[in-house]
Colleague: 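Mind looking over this structure? Questions follow.
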Amino acid sequence: MIKITLPDGSVREYEKGTTSMQVAQSISEGLARNVLAAKINEQVWDLSRPIHADSALTLLTWNDTLGKETMWHSSAHLMAEALEALYPGVKFWVGPPLENGFYYDVDLNGQTLSPADFEKIEQKMLELARQNNVYVRKEISKTDAIVYFKDKGDEYKLDLLERLEDGNITLYTQGNFTDLCRGPHIPNTGFIKAAKILNIAGAYWKGDEKNKMLTRVYGITFPKEKELKEYLTMLEEAKKRDHRKLGRELELFTFSEKVGMGLPLWLPKGAMLRERLIQFMQKAQLKAGYVPVATPHIAQKELYVCSGHYEKYGKDSFQPIKTPQEGEEFFLKPMNCPHHCEIYKSSPKSYKDLPVRYAEFGTVYRYEQHGELHGLTRVRGFTQDDAHLFVRPDQVKDEFCKVIDLVMMVLNALDFNDYTAQISLRDPENLSKYIGSDENWRLAEQAIIDSAAEKGLRTVTELGEAAFYGPKLDFMVKDALGRKWQLGTIQVDYNLPERFELEYTGSDNQKHRPVMIHRAPFGSLERFIAVLIEHCGGNFPLWLTPDQVAVLPISEKYNEYAQKTLNLLGESGVRGFVDDRNEKIGKKIRDNEIKKIPFMLVVGEKEEAEAKVAVRAHGKGDIGTFTIPDFAHYINELIESDFNRKDKE
RNA sequence: GCCGAAGUAGCUCAGAGAUCAGAGCGGCUGCCUUGUAAGCAGCGGGUCGCAAGUUUGAAUCUUGCCUUCGGCUCCA
């Protein structure tokens, strides 16, 4: 007999060789019907695999992330089977599950696949799924596996096999399809009741652009037709939040082919929103001891030769600007740090002066690859809320903590609650490629780890993701479609102080090298605003939104009173506009609801007589009448209490 | 940069070798003088992304380029 420990802590005894499926059946029939896979001592197993030793067991269903992954991994095999039936000679690379669905990289063997074929593949998948084919696991010797795939002519699988150890190789077969696969899989294809091919894209074999490009087919499946419908509805909703669409509708920004790709043009409403974000940050930075600096948009080539950026990025960036002077070359600045280093050097520094914190909203230009440009999230000209802190090594931890506070304050003020912080450290296998002393690195890495823990950040640690010049902490936020974007970043840098020979005089009257901290809580205004638009669906916080109120006169007769109302509100810092179009009130309300204006102030005969406004809140409807000073007070109070609430959090 | 798809009015889209290139929304003008999610009528608005080619004839077919979109690679 073996002992099986269940997640609730209870222990049951079973015959040696019992399968997870049998355990499920012994618990309840319903569970046995819904279970997809089992977690045995932290490993996910097929339900049909016999258990031979005492184990902790968790039965995984569709409600578990691991259950979904298993289902989607099995679905990738099902899609492969369908593709093989429809496209003879198709060859397969890998087909993993994703956060939402799965993909399979395939070589179509000269055939083509287009969105018009999606339905055909979906139908084939469902047809095969209905056969309730069992996913059969088979252990196989390496030699036999090589013979099998050689026979099949699938060179990609042979490549995979080369790197696998004998005795550790399994095949999975369902219906007519056999794949080299570690598993695990769901019991049979019958669990898959709904399938959708989402899109296709090119993907280099093994992610190397020198290799052949395979076709990556993305799909998703569900155990119920209804869930697929819900998922597709969710995708539609997410598309409505796309910052590129809302940016146009809310008149925030645009692009022009003449100006050039990746170079955003800010419209008046967007520019004002930007301006408010800048002021918000400047206020917070002044409070935190930053001092503003300002630098030009170009610099001589020599500056970037000194910083090392020329050598690393020179040929892949915007090419130099020539002058009538022979041999003179200027570059558009791709970052602000070298300029700030020169500001640091403009006067001698004492240990008592540190930390020095130079802040600048610096616009930088980077020649991003053509295919990489994406709305406002990836552009060629953008403005960073940049600052550089020059600190003594013993101040790194403390300053780092303060910067985390600032980043968290910003994310909190804009209602970003779902973010993760990525700690990027050195690759322990390859320490020689990093610049700076081992001791300083250890100090800085520990400082980052400790500060993040101290602040209670949800973190992931990535070894080898550090820049060559220092470790960093990045704040990642998801957009409406679940794509991850890096917003705020904090980086420790040992390289630039070295290259620019930055110094301060210590208490020992000796010269010392400061440590530099780069930080940008927004990351860039462009990307931040893009993610913010998607995050709030265009319903910006009241303090930030372009127009807080729309004053709606009932008829032309009240246009004058409407304008007077707006002017009075303006004196209290409330901003908006008068909708004096010759339209019925119902139409004006509809239009301004669509434009997501937070408050609509309806004014007519009654209101003018009483010197009041009838207030309608976006998405809520009528909230009563206010005198104008009362309403101004109401709206300002709302903003203030929102800030106060967040300050306390 | 690579693979694939798409570009028609300010926006969303129809037209798929031969009516004169269309609709809705938005815009403008007029009528109405409006009370909480679309009042009525009229008018503008387009070298059908750009260039070349095939054809008696091209928005429509071919090729090249540009831009955008979905991915890949890259990302200071």
Side-chain angles (χ1 to χ4, degrees), chain A residues 103 105 108 112-116 198-218 239 242 244-245 248-249 251 254-262 304 307-310 312-314 316-317 333-338 364-375 377-380 382 384 386 467-470 472 474 481 483 485-486 489 491 493 495-496 518 520 524 527 552-559 581-595 600-607 614-623:
Chain A
Y103 71 79
D105 278 348
L108 287 164
T112 56
L113 202 162
S114 81
L198 295 169
N199 57 36
I200 44 174
Y204 299 112
W205 183 42
K206 296 187 189 175
D208 187 334
E209 61 185 313
K210 287 187 224 46
N211 283 339
K212 177 169 182 176
M213 187 164 280
L214 304 176
T215 305
R216 180 167 294 181
V217 188
Y218 289 86
K239 272 188 199 150
D242 191 312
R244 292 165 298 192
K245 180 175 147 66
R248 189 171 48 233
E249 287 172 3
E251 299 168 49
T254 188
F255 287 90
S256 148
E257 284 193 22
K258 272 213 184 68
V259 172
M261 59 170 129
Y304 301 109
S307 71
H309 293 111
Y310 179 77
K312 202 158 190 247
Y313 300 106
D316 298 323
S317 63
K333 73 172 168 190
M335 74 284 298
N336 306 298
C337 358
V364 297
Y365 302 90
R366 299 178 186 179
Y367 189 75
E368 303 295 354
Q369 283 191 70
H370 176 250
E372 188 51 41
L373 301 171
H374 180 95
T377 51
R378 194 85 166 145
V379 290
R380 285 179 166 175
F382 57 96
Q384 296 177 306
D386 211 356
F468 71 95
Y469 52 79
K472 57 180 184 172
D474 294 321
L481 289 168
R483 287 178 290 223
W485 292 101
Q486 177 200 313
T489 178
Q491 310 185 1
D493 185 348
N495 179 45
L496 287 182
H518 310 247
S524 81
R527 183 180 289 177
L552 315 182
I554 295 281
S555 83
E556 282 171 9
K557 282 188 271 183
Y558 312 106
N559 282 356
R581 292 174 305 159
N582 186 7
E583 295 288 352
K584 287 210 171 14
I585 194 69
K587 168 81 163 166
K588 292 186 186 181
I589 285 170
R590 179 183 152 79
D591 289 350
N592 288 294
E593 282 286 347
I594 290 169
K595 279 158 75 183
M600 280 169 264
L601 312 182
V602 179
V603 295
E605 190 181 353
K606 256 190 337 234
E607 289 75 18
V615 182
R616 187 191 159 96
H618 172 67
K620 292 197 191 79
D622 202 336
I623 60 166

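Each chain gets a letter, A, B and so on, in the order the sequences are listed, and its residues count up from 1.
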Colleague: Taking atom P of B/U68 as reference, at what distance in whole Å does atom CG of A/D242 sit?
Modeller: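 So the two atoms are 14 Å apart, to the nearest Å.
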
Colleague: Between B/C11 and B/A58, how far apart are the two C1' atoms, rounded to whole Å?
Modeller: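 Rounded to whole Å, the distance is 27 Å.
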
Colleague: Mind checking if A/G371 touches a base, just sugar-phosphate, or nothing, with heavy atoms under 4.0 Å?
Modeller: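 Counting heavy atoms under 4.0 Å across all strands, the contact made by A/G371 includes a base.
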
Colleague: Across the strands shown, which category fits A/K588 at heavy-atom distances under 4.0 angstrom: base, sugar-phosphate, nothing?
Modeller: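 The answer is nothing, as A/K588 stays clear of every strand by at least 4.0 Å.
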
Colleague: Measure the distance from CD on A/E556 to P on B/C31 and round it to the nearest whole Å.
Modeller: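 In whole Å, B/C31 P lies 9 Å from A/E556 CD.
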
Colleague: According to a strict under-4.0 Å criterion, is A/H370 in side-chain N/O contact with OP1 or OP2 of B/U67?
Modeller: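 Checking B/U67 against A/H370, a side-chain N or O does come within under 4.0 Å of OP1 or OP2.
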
Colleague: Check every strand shown and say whether A/M335 touches a base, only sugar-phosphate, or nothing at a heavy-atom separation below 4.0 Å.
Modeller: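 Counting heavy atoms under 4.0 Å across all strands, the contact made by A/M335 includes a base.
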
Colleague: Would you mind classifying the nucleic acid contact of A/E368 as base, sugar-phosphate or nothing, using non-hydrogen atoms under 4.0 angstrom?
Modeller: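 Answer is nothing: A/E368 stays at 4.0 Å or more from every strand.
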
Colleague: Does A/H618 place a side-chain N or O at less than 4.0 Å from the phosphate oxygens OP1/OP2 of B/A37?
Modeller: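 For A/H618, the contact criterion (side-chain N or O under 4.0 Å from OP1 or OP2 of B/A37) is not met.
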
Colleague: Determine the contact category for A/Q384: base if any of its heavy atoms lies under 4.0 Å from a base atom, sugar-phosphate if only primed atoms, P, OP1 or OP2 are that close, otherwise nothing.
Modeller: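 Touches nothing.
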
Colleague: So does A/R380 get a side-chain nitrogen or oxygen closer than 4.0 Å to the phosphate oxygens (OP1/OP2) of B/C75?
Modeller: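 Result: no.
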
Colleague: Is A/F255 touching bases, backbone alone, or none of the nucleic acid, heavy atoms closer than 4.0 Å?
Modeller: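 A/F255: no heavy atom of the nucleic acid under 4.0 Å.
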
Colleague: Pick the nucleotide of RNA chain B nearest each of A/D208 and A/G375; which residue has the one closer to the 5' end?
Modeller: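 The residue mapped nearer the 5' terminus is A/G375.
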
Colleague: At 4.0 Å (heavy atoms only), tell me whether A/K584 reaches a base, stays on the sugar-phosphate, or touches nothing.
Modeller: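 The residue A/K584 makes base contact.
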
Colleague: When you compare the side chain of A/E249 with that of A/K595, does any pair of heavy atoms fall below 4.5 Å?
Modeller: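 Not in contact.
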
Colleague: Between the base of B/G1 and the side chain of A/Y204, is there any donor-acceptor pair under 3.5 Å?
Modeller: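 Indeed, a donor on one side and an acceptor on the other fall under 3.5 Å apart.
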
Colleague: How is A/G586 classified with respect to the nucleic acid when contacts are heavy atoms under 4.0 Å: base, sugar-phosphate, or nothing?
Modeller: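 Sugar-phosphate, no base atom in range.
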
Colleague: Just the rounded figure in Å: distance from C1' of B/U67 to CZ of A/R244.
Modeller: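 Going from CZ in A/R244 over to C1' in B/U67 covers 14 Å.
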
Colleague: Could you check how far CG of A/N582 sits from P of B/C28, rounded to whole Å?
Modeller: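 Distance, rounded to whole Å: 11 Å.
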
Colleague: Any ion pair linking A/D208 and A/K206 (charged N to carboxylate O, less than 4.0 Å)?
Modeller: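 No.
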
Colleague: Hey, does A/I585 reach any base, or is it just sugar-phosphate, or nothing, if we go heavy atoms under 4.0 Å?
Modeller: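 Result for A/I585 = sugar-phosphate.
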
Colleague: Looking for any heavy atom pair under 4.0 Å, which part of the strands does A/E605 touch: base, sugar-phosphate only, or nothing?
Modeller: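 Base, at least one base atom sits under 4.0 Å.
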
Colleague: In whole Å, what is the span from the CZ atom of A/R366 to the C1' atom of B/A76?
Modeller: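 After rounding, the gap between these two atoms is 5 Å.
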
Colleague: Output a table of nitrogen or oxygen pairs between the protein and nucleotides 24-27 of chain B separated by less than 3.5 Å.
Modeller:
unit_1	atom_1	unit_2	atom_2	d
B/G26	OP1	A/K587	NZ	2.3

Colleague: With a non-hydrogen cut-off below 4.0 angstrom, is A/A614 in contact with a base, only sugar-phosphate, or nothing?
Modeller: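 Base, at least one base heavy atom under 4.0 Å.
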
Colleague: Whole-Å distance between B/C75 C1' and A/Y469 OH?
Modeller: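 Whole-Å distance recorded here is 11 Å.
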
Colleague: Ring of A/Y365, cation from A/R380 - is the NZ or CZ under 6.0 Å from the centre and inside 45° of the axis?
Modeller: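 No - A/R380 does not lie over the ring of A/Y365 by the 6.0 Å and 45° rule.
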
Colleague: Could one point to a donor on the side chain of A/E607 or the base of B/G35 with an acceptor on the other under 3.5 Å away?
Modeller: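 Between B/G35 and A/E607, which were checked side chain against base, a qualifying N/O pair under 3.5 Å is present.
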
Colleague: Write down the distance between CD1 (A/I594) and C1' (B/A37), rounded to a whole number of angstrom.
Modeller: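 It works out to 7 Å between those atoms.
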
Colleague: With nearest nucleotide decided by heavy atoms, which residue, A/R616 or A/Y365, maps closer to the 5′ end of RNA chain B?
Modeller: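 Its nearest nucleotide lies further toward 5', so the answer is A/R616.
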
Colleague: Can we say A/E593 and A/R616 salt-bridge, meaning some charged N sits less than 4.0 Å from an Asp/Glu carboxylate O?
Modeller: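 Yes, charged N to carboxylate O under 4.0 Å.
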
Colleague: What is the distance, rounded to the nearest whole Å, between atom NZ of A/K210 and atom C1' of B/C3?
Modeller: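 My rounded result for the distance is 17 Å.
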
Colleague: May I ask you to say what A/R216 touches in the nucleic acid, namely base, sugar-phosphate or nothing, with a heavy-atom cut-off under 4.0 Å?
Modeller: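 Result for A/R216 = sugar-phosphate.
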
Colleague: When only distance counts, do a donor and an acceptor, one from the side chain of A/R378 and one from the base of B/C75, lie under 3.5 Å apart?
Modeller: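 A donor-acceptor contact between them is present.
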
Colleague: Check whether any side-chain N or O of A/R248 sits under 4.0 Å from OP1 or OP2 of B/C11, and answer yes or no.
Modeller: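 It does not, given that no N or O in the side chain of A/R248 lies less than 4.0 Å from OP1 or OP2 of B/C11.
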
